[in-house]
Amino acid sequence: MSAIHMDIYLVMSLDGIVALDPDHDISGYSSREDREFFLESLKAYDSMLMGKSCYVRDAHPGIRRIILTHNPPEDDNPQNYYLSGSARDIYEQMVSMGCRKTALLGGPSTCLEFLREGLVDGLYLSVEPVTLGAGMRLFTDQALVTRWTLARIKQLNDQGSLVLHYEKAGQ
Ligand SMILES: NC(=O)c1ccc[n+]([C@@H]2O[C@H](COP(=O)([O-])OP(=O)(O)OC[C@H]3O[C@@H](n4cnc5c(N)ncnc54)[C@H](OP(=O)(O)O)[C@@H]3O)[C@@H](O)[C@H]2O)c1
């Protein structure tokens, strides 16, 4: 068993787009029900991990916000930790900080770093019933084969917003 259980949470369109561009997210297309699902799910984690460009403000007290950047800002919020290094280095730093269950919130390039190293145990992919045509694809355009087993599908509303929960194949 890995020292940290790590799950990715991402919202995507039906055609697999997760951002319009690096500066514009797709939150305008995500559902209220998905937002609620996400905030409720976070309660099960001791930490949330994210690239700097997708800093998430919402976090319940007690959860650590681990923000990856090479240029940490002045920040006296005790909930925030700024780390840098390879995905493996960051993982080891998080182990020594006492993290045991973390939600990896993106963006796509940060997710790819941890997927490449085989450090991700689960995927929670929220699929919103909209097509966007162009933008940043889930986990970017780089080749990477990973295999998963469906654990659960949850329908969030009548429009058909879905959460697909996959676990690493072979677990
Ligand atoms: N649909 C969704 O669920 C979802 C979720 C999250 C984000 N997004 C969207 O995705 C887009 C951004 O994605 P992205 O892939 O370009 O950015 P990202 O992964 O959020 O952030 C990349 C930045 O994070 C820092 N970083 C990443 N790995 C690092 C490491 N190992 N060590 C140190 N710093 C590291 C670097 O910041 P520095 O340059 O400061 O060093 C890097 O420029 C945005 O539009 C965002 O809204 C969508």
Side-chain angles (χ1 to χ4, degrees), residues 1-19 25-27 29-51 54-56 58-60 62-68 86-88 90-95 97-132 135-171:
M1 205 173 100
S2 50
I4 302 178
H5 180 96
M6 187 177 291
D7 292 322
I8 286 178
Y9 282 78
L10 284 176
V11 185
M12 65 180 192
S13 62
L14 283 177
D15 49 348
I17 303 295
V18 295
D25 66 19
I26 59 163
S27 57
Y29 300 97
S30 70
S31 56
R32 176 176 51 79
E33 293 83 359
D34 183 61
R35 186 94 195 124
E36 290 166 1
F37 170 81
F38 169 67
L39 291 176
E40 189 58 31
S41 300
L42 275 185
K43 292 179 180 168
Y45 295 86
D46 58 36
S47 46
M48 52 208 264
L49 171 63
M50 64 206 101
C54 62
Y55 176 78
V56 173
D58 304 318
H60 63 87
I63 192 169
R64 289 164 160 156
R65 275 198 215 95
I66 296 167
I67 302 143
L68 303 185
S86 69
R88 184 68 60 181
I90 287 153
Y91 184 89
E92 295 303 336
Q93 290 178 69
M94 289 175 64
V95 171
M97 288 164 64
C99 298
R100 293 294 174 265
K101 191 168 184 195
T102 195
L104 172 51
L105 309 182
S109 56
T110 299
C111 290
L112 188 71
E113 293 176 50
F114 286 84
L115 279 168
R116 271 197 196 292
E117 290 296 320
L119 296 172
V120 179
D121 301 287
L123 304 176
Y124 287 85
L125 302 178
S126 296
V127 183
E128 292 292 354
V130 60
T131 64
L132 296 172
M136 296 176 77
R137 290 181 48 229
L138 184 69
F139 309 143
T140 81
D141 290 327
Q142 296 175 41
L144 175 68
V145 177
T146 61
R147 296 192 188 279
W148 304 88
T149 302
L150 184 66
R152 187 178 175 215
I153 301 177
K154 184 177 170 68
Q155 182 167 342
L156 297 174
N157 55 29
D158 290 343
Q159 286 74 43
S161 301
L162 301 177
V163 178
L164 309 179
H165 174 200
Y166 287 91
E167 291 171 345
K168 193 189 272 185
Q171 280 191 335

Does Ile17 form a side chain to side chain contact (heavy atoms under 4.5 Å, CB included) with Met12? I'd like the steps, not just the answer.
CA-CA 5 Å; Ile17 303 295; Met12 65 180 192; over 6 Å; no
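- For the atom pair CD1 (Ile8) and CG (Leu104), the distance works out to 4.5 Å, reported to the nearest 0.5 Å.
- Checked by atom type and distance alone, the side chain of Thr102 pairs as donor or acceptor with a backbone atom of Ser47 at under 3.5 Å.
- In terms of heavy atoms, Lys101 sits closest to Ala44 at CD-O, 3.4 Å.
- Taking the side chain as every heavy atom from C-beta outward, Phe114 and Leu49 approach each other to under 4.5 Å.
- Without hydrogens or angle criteria, Asp7 side chain to Ala103 main chain gives no donor-acceptor distance under 3.5 Å.
- Residues Arg116 and Glu113 are not paired through a salt bridge, judged by the lack of any N-O separation under 4.0 Å between the basic side chain and the carboxylate.
- Contact annotation: the side chain of Ile26 never approaches that of Val130 to less than 4.5 Å [non-hydrogen atoms, C-beta and beyond].
- Note that the CD1 atom of Ile90 and the OG1 atom of Thr110 stand 8.0 Å from one another [nearest 0.5 Å].
- For the atom pair NZ (Lys154) and CG (Asp34), the distance works out to 11.0 Å, reported to the nearest 0.5 Å.
- To the nearest 0.5 Å, atom OG of residue Ser27 and atom CZ of residue Arg35 are 8.0 Å apart.
- Ring geometry for Tyr124 against Phe37 counts as tilted: the plane angle lies between 30° and 60°, on a 0 to 90° scale.
- Leu138 contributes atom CG, which lies 11.5 Å from atom CG of Asp15 (distance to the nearest 0.5 angstrom).
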Would you sort out whether Met97 and Ile66 count as a side chain to side chain contact (heavy atoms under 4.5 Å, CB included), showing the intermediate values?
CA-CA 11 Å; Met97 288 164 64; Ile66 296 167; 4.0 Å; yes
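- Side-chain contact check for Thr146 versus Tyr166: every heavy-atom pair is 4.5 Å or farther apart.
- Contact check for Val95 versus Arg100: side-chain heavy atoms found under the 4.5 Å cut-off.
- Lys168 has its side chain within reach of Trp148: a pair of non-hydrogen atoms, C-beta onward, lies under 4.5 Å apart.
- When the shell of 6.0 Å around CD1 of Ile153 is examined, it contains 12 or fewer heavy atoms from other residues, nucleotides or ligands.
- From Leu132, atom CG reaches atom OH of Tyr29 across 5.5 Å, with rounding to the nearest 0.5 Å.
- Here the shortest heavy-atom pairing between Ser126 and Val163 reads OG-CG2, 3.8 Å.
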Could you go through Leu105 and Phe38, starting from their C-alpha distance and side-chain angles, then the distance that decides it, and tell me whether this counts as side chain to side chain contact (heavy atoms under 4.5 Å, CB included)?
CA-CA 10 Å; Leu105 309 182; Phe38 169 67; 3.6 Å; yes
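- Residues Arg88 and Leu119 are in side-chain contact: their nearest non-hydrogen atoms beyond the backbone lie under 4.5 Å apart.
- Side-chain contact between Glu167 and Asp121 is absent, with no heavy atoms from C-beta onward closer than 4.5 Å.
- Closest non-hydrogen pair, Ile4 versus Met94, comes out as CD1-CB, 3.6 Å.
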Step by step, work out the side chain to side chain contact (heavy atoms under 4.5 Å, CB included) result for Arg64 and Cys99.
CA-CA 9 Å; Arg64 289 164 160 156; Cys99 298; 3.9 Å; yes
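- Contact detail for Leu10 and Cys111: the closest heavy-atom pair is CD1-SG, 4.1 Å.
- No hydrogens or angles considered: a donor-acceptor pair under 3.5 Å links the side chains of Ser161 and Glu128.
- The side-chain heavy atoms of Ser41 and Tyr9, taken from C-beta on, include a pair separated by under 4.5 Å.
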